[in-house]
Amino acid sequence: MTTIAKTEKEPKLKRPSWDEYFLSIAELVSKRSTCLRRHVGAVIVKNKRILATGYNGAPSDIRHCEVTGCLREEMKVPSGERHELCRGLHGEQNAIVQASYHGVSINGASLYCTTLPCIICAKMLINAGITEIVIAKGYPDKMTADFLKEADIKVRTVK
């Protein structure tokens, strides 16, 4: 057996942390969004493996907002309010649906998301068994923070 002697130091690679890696993927996923107001990407991860992704936009086979217009914009609905007036699903909802559609359990997984989930998504994530949420930035929904704290779901912000 031949041994190769190392005479020089090998260069150290600058690799992103796992948080940076998965959040950068969530940011890339958000670029598929069809929402006119906000682009959100979500990645569900367990044991450093991606289980599902989702971005916000209209359901499959439904016209996108760029065709129909945005009712929330027309009605001047503030961010974080009146979610039922939106044609689209949120990125977190689409990630949960994608996992379910393909029969992938997300119980015990982490969610990486470009923004803090709204209260509707937070309730879904709690019941889906998500144990941690890692976000790039906040979202104006105090109820979300209260629910996630009560459900003992850790929320971390990574820049």
Side-chain angles (χ1 to χ4, degrees), residues 18-19 21-158:
W18 287 109
D19 286 344
Y21 175 69
F22 292 124
L23 277 175
S24 68
I25 293 171
E27 183 63 38
L28 180 62
V29 169
S30 77
K31 294 181 186 314
R32 291 283 305 154
S33 171
T34 61
C35 180
L36 300 175
R37 291 177 67 162
R38 178 191 306 263
H39 293 193
V40 175
V43 180
I44 299 175
V45 174
K46 188 171 186 180
N47 299 323
K48 299 180 183 164
R49 301 293 181 256
I50 295 172
L51 303 178
T53 65
Y55 54 87
N56 56 326
S60 299
D61 302 323
I62 300 293
R63 291 176 294 152
H64 296 299
C65 299
E66 67 182 3
V67 174
T68 64
C70 177
L71 180 60
R72 291 172 56 80
E73 195 68 27
E74 292 168 18
M75 295 177 67
K76 308 224 182 310
V77 177
S79 184
E81 297 178 17
R82 305 287 316 269
H83 299 287
E84 75 279 5
L85 295 176
C86 181
R87 294 178 60 79
L89 286 95
H90 291 184
E92 305 91 325
Q93 294 167 350
N94 271 325
I96 293 168
V97 169
Q98 184 186 77
S100 176
Y101 185 87
H102 292 288
V104 176
S105 172
I106 59 174
N107 187 36
S110 296
L111 173 81
Y112 285 81
C113 196
T114 55
T115 63
L116 181 71
C118 72
I119 186 58
I120 295 169
C121 291
K123 291 186 279 187
M124 294 173 72
L125 293 163
I126 291 166
N127 276 2
I130 295 295
T131 58
E132 176 186 46
I133 298 173
V134 182
I135 60 171
K137 58 187 169 194
Y139 183 77
D141 197 329
K142 182 185 177 326
M143 191 179 262
T144 291
D146 294 343
F147 270 55
L148 294 176
K149 183 177 181 180
E150 186 175 341
D152 201 28
I153 295 177
K154 184 176 181 182
V155 178
R156 294 186 294 116
T157 303
V158 175

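All values reported here derive from a predicted model rather than from experimental measurement.
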Sidechain-backbone polar pair: Asn56 side chain, Arg38 backbone, donor-acceptor under 3.5 Å: yes

Heavy-atom donor-acceptor pair, Ser100 side chain to Val97 backbone, under 3.5 Å: no

Taking every non-hydrogen atom, the tightest pair across His39 and Cys35: NE2-O, 3.1 Å

Rounded distance [0.5 Å steps], OG1 in Thr115 versus NE2 in His90: 8.5 Å

Heavy-atom pair with the smallest gap, counting every atom of Asn107 and Lys46: O-NZ, 2.7 Å

Over all atoms of both residues, closest heavy-atom pair of Cys113 and Glu92: SG-OE2, 3.6 Å

Ionic contact status for Arg82 with Glu84, cut-off 4.0 Å: yes

Trace of the side-chain contact (heavy atoms from CB on, under 4.5 Å) decision for Ile153 with Leu125: CA-CA 9 Å; Ile153 295 177; Leu125 293 163; 5.5 Å; no

Side chains of Leu89 and Pro59 in contact at under 4.5 Å (non-hydrogen atoms): yes

Beyond-backbone contact of Leu111 with Pro117, side-chain heavy atoms, under 4.5 angstrom: yes

Arg87 side chain near Thr68 side chain, heavy-atom distance below 4.5 Å: yes

Atom pair CD1/CE of Ile119 and Met143 - distance to nearest 0.5 Å: 5.5 Å

Nearest-0.5 Å distance, CZ of residue Arg37 to SG of residue Cys70: 5.5 Å

From Arg156 atom CZ to Ile135 atom CD1, the distance as rounded to the nearest 0.5 Å: 10.5 Å

Derivation and outcome, side-chain contact (heavy atoms from CB on, under 4.5 Å), residues Thr53 and Arg32: CA-CA 11 Å; Thr53 65; Arg32 291 283 305 154; over 6 Å; no

Minimum side-chain heavy-atom gap Lys154-Thr131 below 4.5 Å: no

Nearest heavy-atom neighbours spanning Ala136 and Thr114: CB-O, 3.6 Å

Aromatic plane relationship, Tyr21 with Trp18 - under 30° parallel, 30 to 60° tilted, over 60° perpendicular: perpendicular

Over 12 foreign heavy atoms within 6.0 Å of CD, Glu66: no

CD1-CD distance between Ile96 and Gln93, expressed to the nearest 0.5 angstrom: 7.0 Å

Glu81 backbone acceptor or donor facing Arg72 side chain under 3.5 Å: yes

Rounded distance (nearest 0.5 Å) linking atom CD1 of Ile130 with atom CD1 of Ile106: 4.0 Å

Minimal non-hydrogen separation, Val134 against Leu23, with atom names: O-CD2, 3.8 Å

Per-pair distances, 0.1 Å, donor-acceptor, side chain in residues 145-152, under 3.5 Å, sequence neighbours excluded:
from   : atom 1 : to     : atom 2 : distance (Å)
Asp146 : OD1    : Lys142 : NZ     : 3.1
Asp146 : OD2    : Lys142 : NZ     : 2.9

Close side-chain approach of Gln98 and Asn94, heavy atoms under 4.5 Å: no

Ala122 versus Thr144, closest heavy-atom pair with distance: CB-CG2, 3.9 Å

